[in-house]
Amino acid sequence: MTSLLHRQSLADLLRRTAARYPNRPAIRCGALQWTWRDFERIVARLAAGLAADGVGRGDRYAILARNSHAYAALRFALARLGAVLVPVNFMLTADEAAYILRHSGATRLAVDSGMAELGRAAAARDTRVERLVWLPSEAPTTPLPGALSFDELARCEALPPEVGIGRDDALQIVYTSGTESLPKGALLSHGAVIDQYHSCIIDGEMHEGDTVLHALPLYHCAQLDCFLGPCVMLGSSSVITAAPTPENLLPLLAGHRITSFFAPPTVWISLLRSPLFDAVDLTALRKGYYGASIMPVAVMREISQRLPQIRLWNFYGQTEIAPLATVLKPEDQLRKPGSAGRPVLHVETRIVDEAMNDVAPGQIGEIVHRSPQLLQGYYRDPERTAAAFAGGWFHSGDLAVADDEGYITVVDRKKDMIKTGGENVASREVEEALYRLAGVSEVAVIGLPHPRWVEAVTAVVVVKPGHALGAADVLAHAAQQLAGFKCPKAVVFVDALPKNPSGKLLKRELRQRLQAHFDAA
């Protein structure tokens, strides 16, 4: 516990910004507009209301909702109390969401109207959730019957409790898509996330005068902690929206004169392909950020041609490092295409072999990190925590090469993680679901290049002798077992899967063999 004199939490960042720039625009979402003074006042009232509801230091509080002003306010109100945020991916099934609620021990679940049915179903599956809390959305919605209302909490006139929070106090448990069947909860402290803000601001050249559009889900640490958090620290203006579609984004980018925007390559591609692209004025957009997967060089060149004023950054990292680890800056985009760049301000990175020796430039090794941004550990999982920190460095699980200038290029993932449309999908989880389908003898799930998804989840299936199985059967089964973004985009049937002499499946060979599968898509 830290004294009030030395307090340093995310909520303190908000309070300081509100004191510096009380009348500047802070949050815009739909028809709502808050200045920094408004934002701080609402967060303080919300924190008081949460405390009156019994929420305090260390309590886990889950949010299952689309982007909104209320999501942002609740995030900072929880930080003010020392409570622990548990963001839940709204694309999960009820069973998948329930696992996160159970494992985290969350006692409250905040939902918006659109996620209410999913939230109720998940909470009912043997969790500790005692109460649902309704959050307003970007567009007007009706409060959820039987749930405690955000508006009611935010009307509390009592003073919020004074909680001394230090850099090592828990801030959030963010569940990774994992490389195993069950996700891991990365426990991150206030200090780790604030240090990550420093890295984003310095290496991403962020400024208090930016106007930033937040369109990717706030349950994901990229939008939440690489962009919204630094905006609060700096006093930049934020526009929050829930729909990352071209029809929604392009008018917002133009109408609000957005200067800074982050999206995975799939979303950038959708903007370029939209008939609205050339009909709106995007001349204010000066900073473009992408991550989750590599930007195709042809798309990068097209962005530069159609938005000549824009500068691009590639942000690479993972949840466990809060999440930014390396950055490829604007001057290197075409000079080092496909690269993840070099380590950011607060990160030290090596590429090592199995014995933790540095590999030579051009040789493949695993990316490992040391950083104050790193997670404290995997929540309630000491074994996987110990494995991740073996040798005194955090093991990313990504395989990469570095050139003689130190620029890192990710070449594979040790556990065959697929990054599709900005989301992580563990191939093993999909495989296990497909193995439950009668008629499947063997299955390998891989990511293949795709013009929309960048990587498309693809199932390569061997059918059991005497069984008839079509692609529609496999896809229908997957849809019953998995969240939509985890389901295969295609099924390829083969007589046998390639293996080495010891019987190990050769997924790299499959990817090479099928790399042109979606060329005509």
Side-chain angles (χ1 to χ4, degrees), residues 200-207 209-216 222-223 226-227 230 236 239 241 244-317 324-342 344 403 405-411 419-422 449-455 518-519 521:
C200 291
I201 290 166
I202 296 298
D203 286 291
E205 299 181 27
M206 298 175 181
H207 188 267
D210 293 338
T211 300
V212 184
L213 178 60
H214 305 277
L216 276 295
Q223 193 71 68
C226 285
F227 296 94
S236 311
V239 178
T241 189
T245 62
E247 296 76 18
N248 181 52
L249 295 180
L250 288 167
L252 288 175
L253 287 164
H256 289 287
R257 302 292 292 169
I258 297 298
T259 65
S260 174
F261 176 62
F262 161 76
T266 50
V267 173
W268 283 103
I269 292 168
S270 73
L271 297 181
L272 294 169
R273 301 293 167 262
S274 171
L276 287 177
F277 187 90
D278 292 321
V280 298
D281 180 4
L282 301 179
T283 55
L285 186 58
R286 301 284 173 170
K287 301 175 187 177
Y289 303 85
Y290 64 94
S293 57
I294 296 300
M295 181 77 78
V297 175
V299 175
M300 191 188 309
R301 292 186 188 278
E302 185 177 354
I303 292 173
S304 298
Q305 290 167 358
R306 300 178 72 182
L307 295 172
Q309 79 284 358
I310 202 169
R311 301 170 70 227
L312 292 173
W313 284 259
N314 178 15
F315 275 15
Y316 161 79
L324 183 62
T326 69
V327 62
L328 186 71
K329 296 186 177 182
E331 59 270 22
D332 294 321
Q333 293 293 316
L334 294 176
R335 192 172 74 91
K336 301 283 186 178
S339 172
R342 295 188 289 191
V344 294
D403 64 17
E405 294 182 78
Y407 286 80
I408 294 167
T409 298
V410 178
V411 297
K419 294 190 175 183
T420 179
H450 190 279
R452 177 181 178 188
W453 302 109
V454 180
E455 277 191 327
F518 290 102
D519 279 359

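Taking the charged nitrogens against the carboxylate oxygens, Glu405 and Arg335 do have a contact shorter than 4.0 Å, which makes a salt bridge. Under the 4.0 Å criterion applied to side-chain N and carboxylate O atoms, Glu331 and Lys336 are not assigned as salt-bridge partners. Ion pairing of Asp210 with Arg286 is absent here, as no side-chain N (NZ or NE/NH1/NH2) approaches a carboxylate O to less than 4.0 Å.
Taking the six-membered ring wherever Trp is involved, the centroid distance between the rings of His450 and Phe518 falls below 6.0 Å.
Minimum heavy-atom separation, Leu271 to Pro246: CD2-CA, 3.8 Å.
A donor-acceptor pair is defined here as one N or O able to donate and one able to accept, closer than 3.5 Å; such a pair exists between the side chain of Gln309 and the backbone of Leu282. Proximity of a side-chain donor or acceptor of Asn248 to a complementary backbone N or O of Thr245 within less than 3.5 Å is not detected.
Taking the six-membered ring where the residue is Trp, Phe262 and Phe227 present parallel rings, their angle staying beneath 30° rather than reaching 60°.
Atom CZ of Arg301 is surrounded by 12 or fewer heavy atoms from other residues, nucleotides or ligands within 6.0 Å.
Distance NE2/His207 to CD1/Ile201: 11.0 Å, rounded to 0.5 Å.
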Run the numbers on Ile202 and Val344 for side-chain contact (heavy atoms from CB on, under 4.5 Å), then give the verdict. CA-CA 8 Å; Ile202 296 298; Val344 294; over 6 Å; no
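With contacts defined as side-chain heavy-atom distances shorter than 4.5 Å, the pair Ile310/Ile303 qualifies.
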